[in-house]
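Reminder, nothing fancy here: chain letters follow the sequence lines and each chain counts from 1.
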Amino acid sequence: MISAYARIGHFHAAIDCFNEFLSTSILQSDHYTFPPVIRACGNLDDGRKIHCLVLKLGFECDVYIAASFIHFYSRFGFVSLACNLFDNMMIRDIGTWNAMISGFCLNDKVAEALEVFDEMRLKSVTMDSVTISSLLPICAQLDDIIWGVLIHVYAIKLGLEFDLFVCNALINMYAKFGELRSAETIFNQMKVRDIVSWNSLLAAFEQNKKPVIALGVYNKMHSIGVVPDLLTLVSLASVIAELGNFLSSRSIHGFVTRRCWFLHDIALGNAIIDMYAKLGFIDSARKVFEGLPVKDVISWNSLITGYSQNGLANEAIDVYCSMRDYSNAVPNQGTWVSILTALSQLGALKQGMKTHGQLIKNFLYFDIFVSTCLIDMYGKCGRLADALSLFYEVPHKSSVSWNAIISCHGLHGYGLKAVKLFKEMQSEGVKPDHITFVSLLSACSHSGLVDEGQWCFQLMEETYAIRPSLKHYGCMVDLFGRAGHLEKAYNFVKNMPVQPDVSVWGALLGACRIHENVELVRTVSDHLLKVESKNVGYYVLLSNIYAKFGQWEGADVVRSKARERGLKKTPGWSSIEVDKKIDVFYTGNQTHPKCEEIYSELRNLTAKMKSIGYVPDYNFVLQDVEDDEKENILTSHSERLAMAFGIISTPPKTTLQIFKNLRVCGDCHNATKFISKITEREIIVRDSNRFHHFKDGACSCGDYW
DNA sequence: CCAATGTCGA
């Protein structure tokens, strides 16, 4: 009875039952009575009392009870107590050894656990399936596949290779190392499988970004009648999010709701929030979030990142503020990473600096991911010097930090410095990864460093054996194209060993626009439209180019194609920080409290600009309307609203910094030059591509943006 | 007695 209560998780009932047993039973308690009770103990004191009782009753040499206590003390972090118990035992059985291994594992003492394993080997203690399945998860933690394989071999030698628990642990171990074929082989060879086996295989494919195969696993288990459980749905939700399957997301939500599983498990709710957020249904994500009976830090983080990744950085910050003010969830590494990412998107320097202060207080300052985000935040908010000094202050042994500082220099147009940093990274012995080269190549292309870029590309394959991905090819095409070597860029695309994707064609298209090569546009556009893409940006770029060359039918084709594929234009926004507060403007926005003043300032500016030679470029207006309406549309672009707001809200000649989610419009780029001249201000615009410095009627990146 | 699967962030 005690054991039954403990097994189903009714620990209090188990303890009550035990007390009743002690007070009423004439039977002597034995070594079957105690272990379930010890397992049921929810706090240290209860366990201690039982331990005293056990000693009084003379059970101190009982191996079953000792194993329970070793496990018990380890559960509460008193692994040294557990050790003492273990060391003082005259006779140990396999359960005792296993309990000690699991005790070390519970406390993340991987090396000690493996020492116990070694001792067992040396003393010829025969291991069982429990030993093996406790040890396997450690190998993944150690990041050492040699240990994993070694233990696998041991399992075979012991005749445990078809044991259910061992196999499940093996599937998980191989999956963590990305060895999916091995994981699948184990699964296929199993004589008996349970729900854990299926879930493990499903998660293996999901976590290694193979959602299609993962879905296949699910369909298979469904077709042979295996009933999915809560954990199946957690993985399935991630699979559906990755596949971008809108309909299935609703079915999953319904399935979970009908079974009331939200009440039983936070992780499942979190997975559904994340699924909706990744599919862009941020409102549904919010509803699920609000409906959760209990929320943990991951629930909050999921919603924050959801908003942030859907371009709603301001909303992400709002969620974070509610978390801080109305919940007792403690922000963790993930929270800070999400917040800093959102702040960098918005260019919210002041709030970012405040966050920096909080991180110092929370000792998270030296966390590699958090500090990388801080570097990125300073860089993206225009404080490159601060980013660099912070970089040298925090640990930078990992490529992640170097990638951040290199990419920031690229964004600011300092290609040579980026290359210099890369060389420094090499000399410090930090191994670059594929992202390092993306940052580096794009830094070179923004600064027109063709030779340096080619050098990097070659180095990547020859020295570091990194096979170029489509992103790298895209960067190279951009490098050649932007520098005016269109022929070379096109040949490069034709000779690629892999099928070019939208980003590669898009890069070539961008080059065609800059260098006004109409003939090539046709070819590129044919290819571009053939490749499926969810990125509307390329369609907009293409129709802009057709419009620019006066080829209206071409523009129409592109627009109808975009409509046919159900793509909606991403709303453009720009933000500006005034008095420590961020204001976000959407194109055409008329709801800002200072709306009247902003538009009147813009009319005023436009008149002055025209008098010194500004001519609006209507090619950037895709709607087919009259010219004066086109002018209105250009004037209400988000970057101009933000700029006008900055002008009326700050003292004369103050530098303005504008942050934009999309690429800055060509006409706005031109207009900003005039505005910088008229207002005698330095204006810095960071768009999705790079920083633009406007001063005295000119821009740091010349005529082409 | 002792053992296995899942959610966010980079």
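Residue-level contact check: A:Val400 touches neither bases nor backbone, having no heavy atom under 4.0 Å from any strand. A:Ser129 comes within 4.0 angstrom of a base, heavy atoms only. If you check every strand for non-hydrogen atoms under 4.0 Å, A:Ile38 touches nothing. Within the 4.0 angstrom heavy-atom criterion, base atoms lie near A:Val130. If you check every strand for non-hydrogen atoms under 4.0 Å, A:Asp296 touches nothing.
Residues from residues 159-177 of chain A with heavy atoms under 4.0 angstrom of DNA chain B, sorted by number: A:Phe165, A:Asn168, A:Asn172, A:Lys176.
For A:Lys278, whose side chain is taken as the heavy atoms from C-beta onward, the closest listed nucleotide among B:dT7, B:dC8, B:dA10 is B:dC8. Among B:dT5, B:dC1, B:dG9, the nucleotide with an atom closest to any side-chain atom of A:Thr305 is B:dG9. Listed candidates were B:dG6, B:dT5, B:dA10. Nearest to the side chain of A:Val234 is B:dG6. Distances from the side chain of A:Ser200 to the nucleotides B:dT5, B:dC2, B:dC1 place B:dT5 closest. Nearest to the side chain of A:Pro35, among B:dC1, B:dG6, B:dG9, sits B:dC1. When each of B:dA3, B:dA10, B:dT5 is scored by its nearest atom to the side-chain atoms of A:His71, the top-ranked nucleotide is B:dA3. Counting only heavy atoms from C-beta on, A:Arg39 has its side chain closest to B:dA3 among B:dA3, B:dT5, B:dC8. The side chain of A:Asn199 has B:dT5 as its nearest neighbour among B:dT7, B:dC2, B:dT5. Listed candidates were B:dC8, B:dT7, B:dT5. Nearest to the side chain of A:Asn270 is B:dT7. Candidate nucleotides B:dA3, B:dT5, B:dC8 were compared by shortest atom distance to the side chain of A:Ser133, and B:dA3 ranks first.
Look at A:Gln207 and you'll find a side-chain N or O under 4.0 angstrom from OP1 or OP2 of B:dT7. In this structure, A:Ser134 does not reach the B:dC2 phosphate: none of its side-chain N or O atoms is under 4.0 Å from OP1 or OP2. An OP1 or OP2 oxygen of B:dG9 is reached within less than 4.0 angstrom by a side-chain nitrogen or oxygen of A:Gln309.
Taking the ring centre of A:Phe281 as origin, the terminal cationic atom of A:Arg250 falls inside the region bounded by 6.0 Å and 45° from the ring axis. Judged by the 6.0 Å and 45° rule, A:Arg259 forms a cation-pi pair with A:Phe255. Note that A:Arg193 lies in the cation-pi zone of A:Phe187, set by a 6.0 Å cut-off to the ring centre and a 45° limit from the axis.
Evaluation of atom-type donor-acceptor distances gives a pair under 3.5 Å for the side chain of A:Asp265 against the base of B:dG6.
For residues 168-183 of chain A, the side-chain hydrogen bond (donor to acceptor under 3.5 Å, both in side chains) pairs, not counting sequence neighbours, are A:His152-A:Tyr174, A:Asn168-A:Asp194, A:Asn168-A:Ser197, A:Asn172-A:Ser200.
A donor atom on one side chain and an acceptor atom on the other are found under 3.5 Å apart for A:His472 and A:Ser469.
When the C1' atom of B:dA4 is taken as reference, atom CH2 of A:Trp198 falls 17 Å away, rounded to whole Å. The separation between A:Ile339 atom CD1 and B:dC8 atom P is 17 Å, rounded to whole Å. When rounded to the nearest whole Å, the span between CE of A:Met120 and P of B:dC2 equals 15 Å. Atom C1' of nucleotide B:dT7 and atom CD1 of A:Ile273 are separated by 9 Å, given to the nearest angstrom. At whole-Å resolution of the value, CG in A:Asn301 and P in B:dG9 are 9 Å apart.
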Take A:Asn403 and A:Thr436 through the test side-chain hydrogen bond (donor to acceptor under 3.5 Å, both in side chains) and record every step on the way to the result.
CA-CA 5 Å; A:Asn403 296 349; A:Thr436 316; 2.6 Å; yes

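In terms of modelled atom types and a separation under 3.5 Å, the side chain of A:Gln141 and the main chain of A:Asp108 share no donor-acceptor contact.
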For residues 205-217 of chain A, which side-chain donor-acceptor pairs fall under 3.5 Å, sequence neighbours excluded?
unit_1   : atom_1 : unit_2   : atom_2 : d
A:Asn208 : ND2    : A:Ala175 : O      : 3.2
A:Asn208 : ND2    : A:Ala204 : O      : 2.8

